[in-house]
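The structure appears right after this line, and notes come after that.
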Amino acid sequence: MSIWGSAFLVVISACSGAGKTSSGNTEPNGGNASRDSGASVSTPSDSGSYAPGSGGRTSGSGGASTGAARSTSSGGATSAGGITSTGDTTGSGGHSGAGGDTSECSAELQTVSNDFQMAVSDADLSCTNDAECVEGPTPACDFYCSAPVVSKKGAGRLLASVDETAAACTRVQMQGCSSGPIPCVLSLGSPACVNGTCKRFIPVAWSSVSFAEAPSADVTCDGAGACEEWTVYPDGRVTDTPPDAAPRTAMLLPSDIERVTAIVESVAFRQGFYMAFPCTAAASPHAPITLARQDPTGNHYDQLVQDCIYGGPAGNDVLTLWNVAHDAFAADAGQ
């Protein structure tokens, strides 16, 4: 139901042959063990061991296994906070191979990776809006789950580094070495400017926010029409889609449009989709209510928010949006 971006994990495969094995390396590349979200949010670490001589990998706490260069998860993975992903997953990091003495391959690959990591650490991240942030290029012979997020100026610095490592990458490829991706840990967001710094985050731009309310605690709002859904659009339109009645449409007052826009585009609101919104549990149980924010590229970010609506604190952002959406259909709305 929602889309996540891929995490930064590097995987490097060594050449084939027969002989000794050695443990591999996992490159940091900005997020193989934690999500770069602007908050202390951790993702499952990908800490498995790599055996170049055996061609395989013994998975550690991350539990990843070998796979294709890009595998798509149709069901998604759900976190404890209620965020669901249905996006692509790609490979993660470490030196591995089909067997043989891999020291020469590993040394070349390690040099490429180290030089690029230095360029990433030095790359410019300054910005004033999301349009100034991009995913930078990566070396041709070094696999990345997703590219580092930098400013457009920083992307030029990374491109220079990629050009500088081109000769080493050519030697690696001529030796028969190639990247060997395995599934990565998912990471939420896309290139965005957060407090003047480019990072992977939920972008400012949005196409809708919606609330899906289940009729009871044992019903899941899965798009099957069992839940009532209120959706607010940037132009002020609000729709109400009940499960057993015709949909309705209303328009917000200009003042309510301003309130909604300020909330939905705020850093605090977007941050809530990473960790759950800071609300107090309601005194009595209530049916699930899911808040979804969709950006113009079609990505969804979801959270369960019934505690914000029925628990508190009073006047929190989620409750304000809920009230605005419902009040749009009040008898005196728009007058």
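Index from 1, following the sequence. Model, not experiment: these values are computed from the prediction.
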Answer yes if [X] and [Y] sit in the same cluster of Ile, Leu, Val, Met, Phe, Trp and Tyr residues linked by side chain heavy atoms under 4.5 Å apart, and no otherwise.
X	Y	answer
Phe211	Tyr233	no
Val204	Phe201	no
Phe329	Val324	yes

Quiz item: For the residue pair Tyr310 and His286, does the interplanar ring angle fall in the parallel (under 30°), tilted (30 to 60°) or perpendicular (over 60°) class?
Solution: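 Tyr310 vs His286 ring planes: parallel.
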
Self-check item: Parallel, tilted or perpendicular: rings of Trp322 and His326 (30°, 60°)
Solution: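 Ring orientation, 0 to 90° scale: tilted.
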
Exercise. Apply ring pair (Phe, Tyr, Trp, His ring centres under 6.0 Å) to Tyr274 and Tyr301, showing your working.
Key: CA-CA 9 Å; Tyr274 283 91; Tyr301 310 95; 8.1 Å; no

Quiz prompt | Basic-acidic side-chain contact under 4.0 Å: Glu132, Lys152 | solution =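 Salt bridge between Glu132 and Lys152, a charged N being under 4.0 Å from a carboxylate O: no.
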
Practice problem: State plainly whether the residues Arg200 and Glu135 are in salt-bridge range, i.e. N to O under 4.0 Å. | Solution: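 Between Glu135 and Arg200 there is a salt bridge, with a charged N closer than 4.0 Å to a carboxylate O.
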
Is there a disulfide between [X] and [Y] in this structure (defined here as SG atoms under 2.5 Å apart)?
X	Y	answer
Cys308	Cys279	yes
Cys133	Cys127	no
Cys193	Cys198	no

Self-check item: Residue pair Arg293 / Arg270, side-chain heavy-atom distance below 4.5 Å
Solution: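 Yes, side chains in contact.
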
Quiz item: Any side-chain heavy atom of Asp115 sitting closer than 4.5 Å to one from Glu164?
Solution: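 No, every pair of side-chain atoms sits at 4.5 Å or beyond.
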
